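Order of appearance sets the numbers: ligands from 1, and atoms from 1 within every ligand. What you see is a predicted model, and the numbers here were worked out from it, not measured in a lab.
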Amino acid sequence: MAKNTSRFICSDCGYESLKWLGRCPGCGKWNSLTEEVLTPRQSLNAKVRATAKPIALTEISQMQMHRYSSGIGEFDRVLGGGMVPGSIVLLGGDPGIGKSTLLLQVADRIGRLGRKVLYLSGEESAGQIKLRASRLNIDNPNIYFLNDQNIDCLDTYLAELSPDLVIIDSIQTVYSDNLSSVPGSVSQLRECTAKITDMAKKSERVFFVVGHVTKDGALAGPKVLEHMVDVVIYFEGEKHFPFRLLRGVKNRFGATDEIGLLEMSGLGLREVTDPSSVFLSCKDPTVSGSAVVAAFEGSRPLLIEIQALVAPGNPGYARRMASGIDQNRLSLIIAVLEKRRGINLSACDVYLKVTGGVFLRDPAIDLGIAAAILSSYRERPLPLDMVYLGELALSGEIRAVPFLDARLKEIERLGYKNAAVPAGSKCDEAGCRPLALMGVKNLDYFIEMVMGG
Ligand code: TYD
Ligand code: MG
């Protein structure tokens with residue numbers, strides 16, 4: 001009989017070791033190795049039979065790539081235009097962010113088209129799912145609920161029901177009998193994902209798999225999970241704000257880094273069709289420390305307000321707090337302002353906030369951040385009808401930004417009259433648009449022209 005063996009596996013990178021180690025040699029993380037008992041698969045001993053057949057590229061059906069809509073436009077956008085049959089999509093996000101709600105709403109839209117949906121939940125009971133469905137006014141006979149966490153039985157249920165869409169909520173709660181380790185362990189995650197991937201590739205079904213995230217915001221389990229699936233989407237947002245961002249980080253069928261914007265309401269998630277307008281609060285000409293930027297997220301620009309507060313602090317213990325951008329980026333911009341402009345912020349606390357609870361990674365918002373900090377520091381409001389675009393170099397120069405035309409169009413659409421852009425920027429319709437462009441070479445020029453020296 002095959003013997004059980006034990007391995008120590010890193011929960012972060014999947015590194016395997018025969019003995020316990022305090023520090024993972026694979027990723028360098030401390031205390032991440034946990035013991036798992038592995039039972040060898042029966043099939044390893046049995047004679048392996050090759051059942052697959054090579055197919056010529058020309059014979060592969062084009063039908064396999066025909067996408068269909070999830071019924072939620074913003075979700076389709078992140079999926080690369082819709083759901084691809086035979087694909088597996090991993091949806092990660094914090095608990096309570098709305099993953100189950102989103103997938104139940106997608107299930108309803110798909111069910112309404114006469115397609116069957118199987119909702120496998122290891123986290124919630126049938127009653128809880130029904131409660132959520134009633135709250136969302138969903139009463140769809142094409143949605144089937146299944147409460148069996150054993151992934152080895154899924155094949156049987158799929159053959160019986162023949163659904164077009166399968167939702168697994170969540171990957172951390174399902175297990176395979178091939179392994180004796182507990183659900184959610186690294187080896188179970190890998191085994192179950194491999195099984196689901198196998199089922200997806202052999203059929204025309206779409207699989208949505210929910211994954212929990214660690215406190216650092218990454219999907220719990222080794223990175224290899226992300227490699228095994230076709231699409232990885234993160235569902236982000238601040239709990240205290242209604243806005244939720246779908247962010248594509250991997251997509252085998254479309255552009256990555258695409259974003260979709262949704263709003264959590266009393267009746268589930270709603271699409272936000274005009275994202276820019278929701279991030280701009282009402283303007284007060286006497287308020288300092290507020291600047292509007294045009295951030296490019298995914299394939300579209302978003303106009304968002306950035307607020308800064310520079311307050312007196314203790315020298316040597318000055319606080320820097322950023323919400324919505326990386327803290328290190330705030331420190332870097334403050335360092336450039338101090339070194340290049342001689343502004344002494346060492347005795348000041350600096351707080352920065354992006355409205356709406358979204359997280360921005362676009363470097364083109366640097367100029368807007370610097371403008372907001374300067375405005376609060378000097379207690380001088382910035383012009384209300386201006387938008388700031390430009391990446392700040394360590395030298396204090398303002399660097400060019402990509403997709404300038406798309407950003408300018410959005411700025412115009414929302415009625416702004418002026419835009420500060422990097423000097424020398426080339427745009428297609430220069431001179432014929434109603435927007436007045438101000439070319440900014442460096443911080444000195446910016447302060448001179450916009451803040452009056
Ligand atoms: P849920 O989908 O259960 O989150 P996840 O699966 O990511 O853990 O969403 C739970 C939250 O959403 C909960 O705090 C309640 C809120 N919610 C609404 O605000 N409106 C709604 O219509 C629904 C169904 C949930
Ligand atoms: Mg859930």
Side-chain angles (χ1 to χ4, degrees), residues 70-75 78-79 88-112 117-140 143-149 151 165-175 183-184 188-189 192-193 196 206-221 225-226 229 231-249 259-272 278 356-359:
S70 67
I72 300 179
E74 292 293 295
F75 195 33
V78 184
L79 288 170
I88 161 165
V89 179
L90 189 58
L91 180 69
D94 287 331
I97 204 77
K99 301 178 293 295
S100 308
T101 307
L102 174 69
L103 294 181
L104 195 57
Q105 284 182 259
V106 171
D108 180 44
R109 308 282 165 95
I110 299 298
R112 278 196 229 161
V117 182
L118 181 65
Y119 193 112
L120 187 153
S121 178
E123 301 199 338
E124 290 160 309
S125 64
Q128 285 169 314
I129 303 269
K130 181 70 189 170
L131 213 64
R132 180 181 294 119
S134 322
R135 187 172 175 185
L136 299 168
N137 283 334
I138 294 176
D139 194 17
N140 198 316
I143 305 176
Y144 292 82
F145 175 77
L146 180 66
N147 197 350
D148 185 350
Q149 282 118 293
I151 209 81
L165 175 65
V166 183
I167 296 169
I168 295 171
D169 192 0
S170 66
I171 189 73
Q172 275 87 359
T173 54
V174 291
Y175 66 90
Q188 282 287 7
L189 288 177
C192 294
T193 313
I196 298 166
V206 180
F207 284 75
F208 282 134
V209 178
V210 171
H212 289 287
V213 294
T214 60
K215 60 179 184 308
D216 309 327
L219 273 160
L225 284 195
E226 297 194 18
V229 301
V231 182
V232 181
I233 296 172
Y234 281 93
F235 204 20
E236 307 171 343
E238 294 267 341
K239 289 244 179 75
H240 310 290
F241 287 97
F243 301 113
R244 302 280 182 269
L245 217 62
L246 283 166
R247 196 186 286 276
V249 290
I259 64 155
L261 199 73
L262 298 163
E263 186 181 0
M264 182 62 96
S265 71
L267 279 174
L269 290 153
R270 270 203 308 249
E271 286 183 63
V272 177
V278 298
V358 287
F359 193 92

Aromatic ring proximity, centroids under 6.0 angstrom, Phe359 and Tyr234: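 Not close enough - the centres of the two rings lie 6.0 Å or further apart.
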Which atoms of ligand 1 sit under 4.0 Å from any heavy atom of [X]?
X	answer
Leu136	22 (O), 24 (C)
Ser265	18 (C), 19 (O), 20 (N), 21 (C), 22 (O)
Asp94	7 (O)
Leu267	22 (O)

Would you find a donor on one side and an acceptor on the other, under 3.5 Å apart, between the side chain of [X] and the backbone of [Y]?
X	Y	result
Arg244	Met264	no
Gln188	Tyr175	no
Gln128	Ser125	yes
Glu226	Val232	no

Quick one: are [X] and [Y] in side-chain contact, heavy atoms under 4.5 Å?
X	Y	value
Leu262	Glu271	yes
Ile196	Ile171	yes
Asn137	Leu267	yes

Considering only the protein, which heavy-atom contact is closest to [atom], and what is its distance?
atom	result
atom 2 (O) of ligand 1	Thr101 OG1, 2.5 Å
atom 22 (O) of ligand 1	Gly268 N, 2.7 Å
atom 8 (O) of ligand 1	Gly96 N, 2.7 Å
atom 12 (O) of ligand 1	Met264 CE, 3.3 Å
atom 6 (O) of ligand 1	Ser100 OG, 2.6 Å

Heavy-atom pairs closer than 4.0 Å: do any link ligand 1 to the side chain of [X], the backbone, both, or neither?
X	answer
Val210	neither
Lys99	both
Pro95	backbone

Which one of Arg244, Glu263, Arg132 has a non-hydrogen atom at the shortest distance from atom 3 (O) of ligand 1?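 Among Arg244, Glu263, Arg132, the closest heavy atom to atom 3 (O) of ligand 1 belongs to Arg132.
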Regarding atom 25 (C) of ligand 1: of the candidates Gln128, Arg135, Glu123, Gln105, which has the closest heavy atom?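 The nearest heavy atom belongs to Arg135.
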Should Leu269 be listed as contacting ligand 1, given a heavy-atom distance under 4.0 Å as the test?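 Contact check Leu269 vs ligand 1: negative.
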Check contact between Gly266 and ligand 1, using heavy atoms of the residue and a distance below 4.0 angstrom.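 In this structure, Gly266 qualifies as a contact of ligand 1 - some heavy atom is under 4.0 Å.
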Is it the case that ligand 1 has an N or O less than 3.5 angstrom from some N or O of Gly98?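 There is such a contact, yes.
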When you look at CG of Asp139, are more than 12 heavy atoms from neighbouring residues, nucleotides or ligands closer to it than 6.0 Å?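 Atom CG in Asp139 is not crowded, with 12 or fewer foreign heavy atoms closer than 6.0 Å.
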For a side-chain contact (heavy atoms from CB on, under 4.5 Å) with Ile259, tell me which candidate from Leu246, Leu245, Val358, Val78 qualifies.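 Output: one option passes, namely Leu245.
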Value rounded to 0.5 Å, distance of CD1 in Ile143 from CD1 in Ile110: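 These two atoms lie 10.0 Å from each other.
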Tell me whether Thr101 has at least one N, O or S atom under 2.8 Å from the Mg ion (ligand 2).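 No - counting backbone and side chain alike, Thr101 has no N, O or S atom under 2.8 Å.
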